[in-house]
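Note sheet for the following structure.
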Amino acid sequence: MFAKLASALLVASSVISGAMAKPVPVSRDLTPRGFFSFNNWGGLSSFHNFDNFYGVENFDSSVHFSQVVDTSSHLVCHTQAVEIIQQRLLVIQEMAKRIILEQVCEVETQTVVFEQFHASLGLFRNDLHRVSGHSVGFDSSIASHFGSIVGFDGSLSVDNFGFTGHDLGAHSVVVGGSNWNDLTSPASVSAAFGSAHSAVIGLH
């Protein structure tokens with residue numbers, strides 16, 4: 001669902017964390033905040049079975065995630081004009097907004113599903129930095145449903161695609177051909193991230 005969407009959402013999350021004067025320890029235990037479950041949160045029916053997707057206390061898939069790399073797929077990146085990438089990611093960004101606004105009516109649920117989407121996508125940053133312990137890739141099985149999001153008449157589909165967040169990573173495809181170098185890339189990627197972070201900070 002990618003550099004405008006990735007840039008807008010991943011960099012935005014860094015702004016939130018970067019705005020804090022001191023690091024704040026992040027607890028994976030939801031109990032102290034009182035959130036054992038988001039199921040039927042606030043008495044809203046639109047939260048019915050919310051936790052079934054990633055699991056209780058696994059809000060953004062960061063706590064329980066298993067990856068299986070599909071070695072039968074051999075994709076290699078082909079550099080395109082950055083504007084082409086930005087266009088496609090902006091399409092995905094606006095489609096995400098449409099899905100949230102058109103298929104959810106309660107503003108509370110809109111808020112929570114966006115934060116879940118934002119946080120889950122934000123985990124990709126650690127993959128790009130090669131610090132997550134995961135292979136840098138995407139789930140081809142889940143991505144294959146992209147063309148089914150919109151029907152022939154332009155309306156959003158309501159089909160159940162038959163997967164949950166528990167399935168994320170089960171069909172991971174690693175795309176080869178990048179210029180990653182174990183010796184120099186950690187520093188250059190950090191520098192690129194810092195520049196992007198500064199650009200966002202400068203706009204606020």
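Counting heavy atoms from C-beta outward, Ile142 and Leu168 have side chains that approach closer than 4.5 Å. In this structure, the side chains of Thr111 and Glu108 stay at 4.5 Å or more apart for every pair of heavy atoms. No side-chain heavy atom of Thr109 sits less than 4.5 Å from a side-chain heavy atom of Val112. Side chains of Ser61 and Leu123 form a contact here, defined as non-hydrogen atoms less than 4.5 Å apart. The closest side-chain heavy-atom distance from Gln80 to Ile85 is below 4.5 Å. Under the 4.5 Å side-chain criterion, counting only non-hydrogen atoms from C-beta, His74 is not in contact with Val173.
Note on ring orientation: taking the six-membered ring where Trp is involved, the planes of Phe114 and Phe117 are tilted (angle from 30° to 60°). Using a 30° and 60° split on the angle between ring planes, Phe50 and Phe38 fall in the tilted class, from 30° to 60°.
No hydrogens or angles considered: a donor-acceptor pair under 3.5 Å links the side chains of Ser37 and Asp51. Side-chain contact annotation: Asp159 with Ser157, donor-acceptor N/O pair under 3.5 Å absent. In this model, a donor atom of one side chain and an acceptor atom of the other lie less than 3.5 Å apart for Asp182 and Trp180.
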CA sep, side-chain torsions, deciding dist, call: Phe193, His129, ring-ring contact (aromatic ring centres under 6.0 Å, His included): CA-CA 9 Å; Phe193 172 77; His129 284 251; 5.6 Å; yes

Derivation and outcome, ring-ring contact (aromatic ring centres under 6.0 Å, His included), residues His145 and Phe163: CA-CA 10 Å; His145 294 282; Phe163 63 82; 5.3 Å; yes

